[in-house]
Number of protein chains: 2
Amino acid sequence: MSVAQAKIVIVDDHPLIIQGLTAMLQEHSQFVITASFTRGLEFMSYLREHAVDVVILDISLPDCNGMDICKEIKALAPQTRVIALTNHNERSLIMQMLQNGANGYLLKNASSEELLAGILQVLNGQLSFSKAIEEIITQPTVYERDPLPKLTRRELEVLKLIAAGETSLVIADQLCVSPLTIETHRRNLLQKFRVRNVAELIKISYQLGLLA
Amino acid sequence: MSVAQAKIVIVDDHPLIIQGLTAMLQEHSQFVITASFTRGLEFMSYLREHAVDVVILDISLPDCNGMDICKEIKALAPQTRVIALTNHNERSLIMQMLQNGANGYLLKNASSEELLAGILQVLNGQLSFSKAIEEIITQPTVYERDPLPKLTRRELEVLKLIAAGETSLVIADQLCVSPLTIETHRRNLLQKFRVRNVAELIKISYQLGLLA
DNA sequence: TGAGAAATACCAGAAAACCAGTAGAAATAA
DNA sequence: TTATTTCTACTGGTTTTCTGGTATTTCTCA
């Protein structure tokens, strides 16, 4: 990895971002971009055939979620370094990515120096974070929120209907269950997210990227 | 504008996007990128001193809102074409930008061909939209939602506290007014957004970028 | 300076959400 | 095949929001 060029792959659904990264990395001969993808699944099948040193990975992809992709990458090719590149700066998301084995977490509004330094760091076996991310991590955080709650299929379904403005009664009707059941799901949602009412629930769900 | 190079300026808080656009446009000699900014206000003072043919403008900027910037550009330099470049695809946002005089509306996940074609179109005096945007516009819209409601300062303040999960009583306390007043603001918010309850309110506010 | 917008405030009743506790059936994982 | 989780459903009571009115004072800007 020290003499040869480092093989880098970009996975991002924004062609502009790919182009920007490519332009940036081209100027540095120690890197070579061997491929880029706008879909996570296409990348995964590529990874099965090719060696990759660093993956620069968008968390929010159209066809699948970057978090899971990260985990799969680490299962399939543990030596491949993963750098998350995203706009999301929710603490729980970051922690989850680290949990899943990410080597770095950079924000899309990072400067090219930051990006470059980040890639070099993970190649060196170190972790790498945007300044803003570092602050969020080290922050003892009054805002401490535990690892992104795992919702059941039904709960997610109910959550979306709540966000759509439907009342428990209507939701019950739509899902063909008792309104009391919906009330229970509702309560469990509030509990899992540790919030006090739907307003907060919807806000957090958005911040965590569970909705839209 | 036909013989000379078209002067293009990019305003986007993501260096990567700027780099991507720059790389893309460099290959075409009919364009020249004369400047790029990560802040709207800096750009505005630049515009007072320099001629610009096309501004590629991110709607969500750190220091100010791209919507207003668009209006100001059109007031200051009506011959300058404005292309909105953003991730938001809410109908009301698009309409608002058009209202404010934008010449084009492209999505950040657009392909380079789409971007290039878009710039050429607005230079020709035509309007230009991403395919997805065109669909949203022409859609007879079951989803019709009128121009992004204008909130008063107080309403926005209340909205944020609602999103934070505070009850009317607590909000009233915090703002040192009667709970009944908050109820009124609340009602006006629901009315302005044409929604039925806070869940929907918060969802839409997020989609419109009013929160976080 | 005068009109319209914004912020304030009230009443009263209906609807919906929230809280606490319990529990059986069904699906899924160990 | 247990064990655990998920989905379902209930009782009963409290709090909060939502609806539909009305109305005064203070800004704001044309």
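Just so it is clear: chains get the letters A, B, ... in the order the sequence lines come, proteins before strands, and each one is counted from 1. Only this structure's heavy atoms are used, side chains among them; waters, hydrogens and symmetry mates stay out.
- Using a 4.0 Å cut-off, some side-chain N or O of H185(A) falls inside it from OP1 or OP2 of dT8(D).
- Within 6.0 Å of atom NZ in K74(A), more than 12 heavy atoms from other residues, nucleotides or ligands are found, so the atom counts as buried in its surroundings.
- Although no hydrogens or angles enter the test, the distance criterion places a donor-acceptor pair under 3.5 Å between the side chain of N103(A) and the main chain of V82(A).
- Across every non-hydrogen atom of I202(A) and K203(B), the tightest pair is CG2-N, 3.8 Å.
- When rounded to the nearest whole Å, the span between CG of L180(A) and C1' of dA17(C) equals 13 Å.
- Looking at I56(A) and V9(A), their side chains never come closer than 4.5 Å, going by heavy atoms from C-beta outward.
- In this structure, CG of L189(B) is placed 15 Å from C1' of dT19(D), rounded to the nearest angstrom.
- E114(A) places a side-chain N or O within donor-acceptor distance of the main-chain N or O of K131(A), the cut-off being under 3.5 Å.
- Only at 4.0 angstrom or more do the heavy atoms of residues 156-175 of chain A sit from any atom of DNA chain D, so none qualifies.
- Screening V170(A), T167(A), L175(A) for a side chain to side chain contact (heavy atoms under 4.5 Å, CB included) with L161(A), the sole residue that qualifies is L175(A).
- The two residues L123(A) and A6(A) come nearest to each other via the heavy atoms CD1-CB, 3.7 Å.
- Salt bridge annotation for R154(B)-E157(B): present, with a cationic side-chain nitrogen under 4.0 angstrom from a carboxylate oxygen.
- Annotation: side chain of V11(A) is not in contact with side chain of I18(A) (no heavy-atom distance under 4.5 Å).
- Checked options K160(A), H185(A), K192(A); the residue passing with E155(A) is K192(A) (criterion: side-chain hydrogen bond (donor to acceptor under 3.5 Å, both in side chains)).
- Remark: side-chain polar atoms of S130(B) are paired, donor with acceptor, to backbone N or O of L107(B) under 3.5 angstrom.
- Rounded to whole angstrom, the span from the CD1 atom of I182(A) across to the P atom of dC10(D) amounts to 12 Å.
- Separating the NZ atom of K150(A) from the C1' atom of dT6(D) is a distance of 15 Å, rounded to the nearest angstrom.
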Considering only nitrogen or oxygen atoms on both sides, find all protein atoms under 3.5 Å from nucleotides 27-30 of chain D and state each distance.
none

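- Taking atom CG of N188(A) as the reference point, atom C1' of dT22(C) lies 13 Å away to the nearest angstrom.
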Expected rows: protein N/O vs nucleotides 18-20 of chain C N/O, under 3.5 Å:
from, atom 1, to, atom 2, distance (Å)
dC18(C), OP1, V198(A), N, 2.9
dC18(C), OP2, R186(A), NE, 3.1
dA20(C), N7, R187(A), NH1, 3.0

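- Proximity of T184(B) to the phosphate of dA7(C): no side-chain N or O atom is located under 4.0 Å from OP1 or OP2.
- Distances shown here put a side-chain N or O of T181(A) below 4.0 Å from the OP1 or OP2 atom of dA9(D).
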